[in-house]
Amino acid sequence: MLNPQQRAAVEYTGGPLLVLAGAGSGKTRVISEKIARLVERGDVPAAKIAAITFTNKAAREMRERVARRVTADAAAALSVCTFHALGLKFLQIEHARAGLRRNFSVLDADDSAGLVKELAGAGVKSDRLFQLRQLLSRMKGDGLTPAAALEAARAPRELDAARLYAAYQKRLTAFNAVDFDDLIRLPVAVLREDAEARAAWRERIRYLLVDECQDTNAVQYAFLQLLAGARGAFTCVGDDDQSIYAWRGADPGNLDKLATDYPNLRVIKLEQNYRCAQRVLRAANALIAHNPHAHPKKLWSAHADGERIRILECRDAEHEAERVASQLMYLREKHQLAWSDCAVLYRGNHQARPLEKAFRLSRIPYHLTGALSFLDRVEVKDILAYLRLIANPDDDAAFLRVVNVPRREIGATTLEKLGELAQAKHLSMLRSAHQPAGLAQLAARPAARLAGFAELMDQLADAACHATPAELVETVLHHTGYAQHLAQASRDPALHERKLGNLRELMEWFRAMGRGHARAGDLAAQLALLGHADRDEGGDAVQMMTLHAAKGLEFRSIHIVGCEDGTLPHEGAIDEGRLDEERRLLYVGITRAKELLQLSYSVTGRRWGQAFKQKPSRFLDELPAAELYRDGTDPEAEAEARHDAAAAQLAKIAALLG
């Protein structure tokens, strides 16, 4: 049941293909169906097809769809993964060519931030550290080496970041470690410089499919190009109107670059939207038409018009939150919505605070996206650090995390001296703790404790040779004393049980992932890539999230708050003339709505305790007036506004009465 454009995209294999897939146009279905057709027709063996996505969730959904269309053997042979997961697989195979030793570690975001903080020196403020990390990531995303970054730097802050990059990369080499950005940068460097590796990987991946191509940065685009080669056996799917990640290096211009690099590129547009009411699409089309387009599209839908889009004018953020709460209660009853059918979107996470207060008062269940991920739990990160250190004794970041967990009375001064000894001998800290001559330069008691820790790690490394990854977690828990440490640190029995439950879940993850002869270190590296992909979605609750986080999702009812100049569009974008991406961000938010859409703004803002006047977002004036009703201009809107106020008052009374 493909429409003509979808069918054309699925069936075309005669050369490079760009599918411009508008919001809600069924792009995941097209990619999944194309993979199935390639396998069924025998054009390309399943093991030589790779589909690349940007999120683990998208990869999981695609794998599940393809698995329903092909044999179990073919589904198992396919590579459907994120850019970073493909980069990890590449480096695990080609580690020697990339200058790495076997069992290298993958630093997570916290490890990377800690290393930047250490190298930046004492007294550097948190916002400056964040800026340095962003610049460092951008340099790697542009494919620059430390030397090239130093040469390209112009502004003082870029020079500081480039100097830090050189020290940072030297430390990673000493750790036998990579960070997330290296998972793409290093494979690209190998493929550019090594013709033998390039030929081998082009044979390994005979057909490439790339989702969300508009979100690729320079080095990800280079990865695609190096794998595809001149023959261009690929399908790229993207939408320049949904490019909202320039702040992390994404370049929608890569869609245009495909036409330059592959003159025989075929372009197919998917413009039929299967998600939204027609009124929502007319508003979205009118808004995005204000942006320049190399490949203009106009989305259309076979759905009904739906209700007009409501624009709410509010006194301030607290009043706005109250009106959103009462609107949710009203719309839920009127349209028989579940709470989980509704989402509230905003430009920045700080905008959630008054909403949470209003929702609690009105007893509206909500789920705040951005809550702590399972893989960010302290106990999970501790055990993963032990596994990293078992697999890679040169991982100083993992060593520093666990050497004193559980507490072994190894102080900061001792660790600082050990670090100096390690640096002088060009050894990692754990290897230095194995050297009697070095330990002799430390005080007797801490030296003995370090030696004891080194011996413990030897025992765990021996155990790893004979245990499955899940069994190794159990061994680490008991041999290190971590299980007892949890019991002592968690005085609340319920909290202790939750922490143990998290570690049991970790073991289950390893059992599920550890097919064949997978090593714990490799599985720990794969888990590092998962990030926040498997967080709880919150059950029957209103979903609250940023506009960026909403990309790829859909809800029956969407409410976008904070539609003021200075918020959306952001004041920095206004000052710097970067309105196109802010407009795309609102476009993404609007096209999440299947049936109902409300936008709201406050006439009074507050900063540093001072009130100031705000103007409605200039983007609201770009929406077609015929599709809207605004407060004060429509009798129906006025009646609903009175209902809102009554509903909010009743909710408060109900809450007070318990």
Side-chain angles (χ1 to χ4, degrees), residues 1-83 85-86 201-216 220-221 223-225 227-229 231-240 242 254-255 258-259 262 264-275 295 297 552:
M1 298 296 293
L2 300 171
N3 67 39
Q5 290 73 31
Q6 290 175 329
R7 188 176 301 112
V10 166
E11 293 179 352
Y12 182 73
T13 56
L17 173 65
L18 171 60
V19 180
L20 289 168
S25 62
K27 67 180 179 64
T28 303
R29 183 181 183 190
V30 166
I31 297 173
S32 305
E33 189 67 21
K34 186 156 194 172
I35 294 171
R37 293 284 181 93
L38 288 168
V39 172
E40 288 172 349
R41 290 192 303 224
D43 295 348
V44 185
K48 295 182 181 292
I49 297 172
I52 306 177
T53 70
F54 270 86
T55 67
N56 295 289
K57 182 178 179 181
R60 185 168 60 247
E61 180 184 353
M62 199 175 293
R63 276 194 297 269
E64 290 169 354
R65 289 195 185 200
V66 174
R68 293 194 288 267
R69 292 280 286 104
V70 301
T71 66
D73 288 344
L78 290 164
S79 292
V80 182
C81 60
T82 64
F83 267 103
L86 181 62
W201 277 86
R202 287 174 182 171
E203 176 57 31
R204 182 185 291 269
I205 300 177
R206 297 278 301 280
Y207 201 91
L208 192 62
L209 301 101
V210 181
D211 191 15
E212 305 284 13
C213 193
Q214 79 281 351
D215 290 336
T216 54
Q220 287 163 340
Y221 181 85
F223 199 15
L224 153 67
Q225 196 175 22
L227 289 171
R231 63 192 178 94
F234 65 76
T235 294
C236 285
V237 181
D239 182 7
D240 50 350
Q242 296 189 74
N254 286 340
L255 296 180
L258 281 171
Y262 296 92
N264 61 332
L265 180 76
R266 182 171 177 182
V267 179
I268 295 174
K269 298 179 184 179
L270 303 184
E271 297 175 294
Q272 182 174 359
N273 174 285
Y274 292 92
R275 175 190 301 153
H295 305 283
K297 302 184 301 299

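Numbering starts at 1 and runs along the sequence shown. Values below: all heavy atoms of this structure, side chains included; hydrogens, waters and symmetry mates excluded.
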Would you give the length of the straight line joining atom CD of Gln225 to atom CG of Leu208, rounded to the nearest 0.5 angstrom?
-> 12.0 Å
Please list, one pair per line, the donor and acceptor atoms closer than 3.5 Å that link side chains of residues 5-20 to other protein atoms, with sequence neighbours excluded.
residue	atom	partner	partner atom	Å
Gln6	OE1	Asn3	N	3.0
Gln6	NE2	Ser25	O	3.1
Arg7	NH2	Leu2	O	2.8

Looking at residues at least two apart in the chain, or sitting in another chain, which of them share a ring pair (Phe, Tyr, Trp, His ring centres under 6.0 Å) with Tyr262?
-> Phe234
With sequence neighbours excluded, what pairs up with Arg65 under the salt bridge (charged side-chain N to carboxylate O under 4.0 Å, His left out) test?
-> Glu61
Please report the closest heavy-atom contact between Arg231 and Ile205, naming both atoms and the distance.
-> NH2-O, 3.8 Å
CD1 on Ile49 to CG on Leu38, rounded to 0.5 Å | 4.5 Å
Checking side chain to side chain contact (heavy atoms under 4.5 Å, CB included) for the pair Cys236/Leu258: CA distance, chi angles, key distance, verdict?
-> CA-CA 9 Å; Cys236 285; Leu258 281 171; 4.0 Å; yes
Rounded to the nearest 0.5 Å, the CD1 atom of Ile31 sits from the OG1 atom of Thr53 at a distance of 9.0 Å
For Phe54, check ring pair (Phe, Tyr, Trp, His ring centres under 6.0 Å) against everything at least two apart and list the hits.
-> Phe83
Write down the atom of Thr55, the atom of Ala58, and the distance for their closest heavy-atom approach.
-> OG1-N, 3.0 Å
Applying salt bridge (charged side-chain N to carboxylate O under 4.0 Å, His left out), name anything that partners Lys48, two or more places apart in sequence or on another chain.
-> Glu203
Closest heavy-atom contact between Gln220 and Asp215?
-> OE1-O, 3.7 Å
With sequence neighbours excluded, tell me which residues meet salt bridge (charged side-chain N to carboxylate O under 4.0 Å, His left out) with Arg68.
-> none
Kindly determine whether Leu209 and Val237 satisfy side chain to side chain contact (heavy atoms under 4.5 Å, CB included), including the steps that lead there.
-> CA-CA 8 Å; Leu209 301 101; Val237 181; over 6 Å; no
Distance in Å, Leu270 CG paired with Lys27 NZ, rounded so as to fall on 0.5 Å steps = 10.5 Å
Using the salt bridge (Lys or Arg N to Asp or Glu O under 4.0 Å) rule, collect all pairs that involve residues 69-82, keeping only residues at least two apart or in two chains.
-> Glu33-Arg69, Glu40-Arg69
Of all heavy-atom pairs between Val80 and Ala59, which one has the smallest distance, and what is that distance?
-> CG1-O, 3.7 Å
Donor-acceptor pair, side chain of Asn254 and main chain of Thr216, under 3.5 angstrom = yes
With sequence neighbours excluded, tell me which residues meet side-chain hydrogen bond (donor to acceptor under 3.5 Å, both in side chains) with Lys269.
-> none
For Gln214, side-chain hydrogen bond (donor to acceptor under 3.5 Å, both in side chains) partners two or more places apart = Glu212
Phe223: partners by ring pair (Phe, Tyr, Trp, His ring centres under 6.0 Å), with sequence neighbours left out | none
Heavy-atom closest pair, residues Arg275 and Ala23 = NH1-CB, 4.1 Å
For the pair Lys297 and Asp239, find out whether any cationic side-chain nitrogen is under 4.0 Å from an anionic carboxylate oxygen.
-> yes
List in chain and number order the residues that pass salt bridge (charged side-chain N to carboxylate O under 4.0 Å, His left out) with Arg29, two or more places apart in sequence or in another chain; answer none if no residue qualifies.
-> none
Non-neighbouring partners of Ala77 that pass side-chain contact (heavy atoms from CB on, under 4.5 Å), sequence neighbours left out | Ala46, Ala47
Can you see which heavy atom on Ala228 is nearest to which on Arg202, and at what distance?
-> C-NE, 4.5 Å
